[in-house]
Amino acid sequence: MESLFESLIDGVLEHQFASVPDFLSPELLAGLRSNLQLRLKNGDMHPAGIGRAVGHQTNASIRGDLISWVDDNPNNVFEQEFLTIIRRFMSYLNQTCYTGLNAMEIHYAIYGPGSFYKRHKDQFRSDSGRRYSIVTYLNEDWLPIDGGALVLYPENEAEKVYFPEGGRMTFFKSDVVEHEVLPTVRPRMSLTGWLKSV
Ligand code: OGA
Ligand code: MN
């Protein structure tokens, strides 16, 4: 795990973002995916807000996902395991980069066919606590024809495209890296979170 942490941190220091495959074990991936599917079946996934007011546009014209927040102290073993990994990553970052992170928030997200999230940044003026974004995908057998790519626009580099392959984790600086989710062809599942200093 520590070598994955290292390569994520090296990437962010060098390029403002990083992405690694196989961040989750197959068991943890399957457990988290079935949690999301159960929340969806139970009607617990809801349209996401978009932070700053954006005039009269409806949310779905900017982002079309449904989300459900993960509890800080979950009962579910897979969520406990995931939070333990992310907390270890957060302390590793604090120890190696003096980042002063002290909070996090994580939600499940599902984009139905045709949904997308227009180009944006994750840190709003009203929410400067978001320092790093972490997106972990929960999909099975994703193919490029399934769409739903994440496109990152780092400040001084060419854009970078990642498909939402199960177990992949993408990590970037919330305040500087603009990004978008291209329309997906099939349901696209993830756990998206933010490391914060509040
Ligand atoms: C977000 C977001 C990216 C993704 O939820 O803010 O940009 O790949 N998600 O799901
Ligand atoms: Mn985002």
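Counting starts at 1 for both ligands and their atoms, following the listed order.
In this structure a side-chain-to-backbone donor-acceptor pair under 3.5 Å is missing from T184 to P187. With hydrogens and angles disregarded, a donor-acceptor distance shorter than 3.5 Å links the side chain of N94 to the backbone of L101.
Of the charged side-chain nitrogens involved, none lies within less than 4.0 Å of a carboxylate oxygen, so that R130 and D122 do not count as a salt-bridged pair. Between K173 and E14 no salt bridge is recorded (no basic side-chain N to carboxylate O distance below 4.0 Å).
Between H120 and Y117, the ring-plane angle classifies as parallel under the 30° and 60° cut-offs.
In this structure, atom 5 (O) of ligand 1 lies nearest to the protein heavy atom T192 CG2, 3.7 Å. The protein heavy atom nearest to atom 8 (O) of ligand 1 is Y137 OH, 2.5 Å. With respect to atom 3 (C) of ligand 1, the closest heavy atom belonging to the protein is V181 CG2, 3.6 Å. Nearest protein heavy-atom neighbour of atom 1 (C) of ligand 1: Y117 CE1, 3.7 Å.
Between H179 and ligand 1, at least one pair of N/O atoms sits closer than 3.5 Å. Of the polar atoms of H120, at least one N or O is found under 3.5 Å from an N or O of ligand 1, judged by distance alone.
Ligand 1 is approached by R188 to a heavy-atom distance shorter than 4.0 Å.
Less than 4.0 angstrom separates some heavy atom of D122 from each of these atoms of ligand 1: 6 (O). Taking a cut-off of under 4.0 Å to the non-hydrogen atoms of L150, the atoms of ligand 1 that pass are 3 (C), 8 (O). Applying the 4.0 Å criterion to heavy atoms of V135 picks out, from ligand 1, the atoms 4 (C), 8 (O), 10 (O).
Considering E180, E178, H179 in turn, E178 is the only one that fulfils the side chain to side chain donor-acceptor pair (under 3.5 Å) rule with R119. Screening R33, E79, Q37 for a side chain to side chain donor-acceptor pair (under 3.5 Å) involving Y108 leaves a single residue, E79.
Vertex the Mn ion (ligand 2), arms ending at OD1 of D122 and NE2 of H179: the angle is 100° after rounding to 10 degrees.
No donor-acceptor contact under 3.5 angstrom links the side chains of S174 and R131, judged on distance only.
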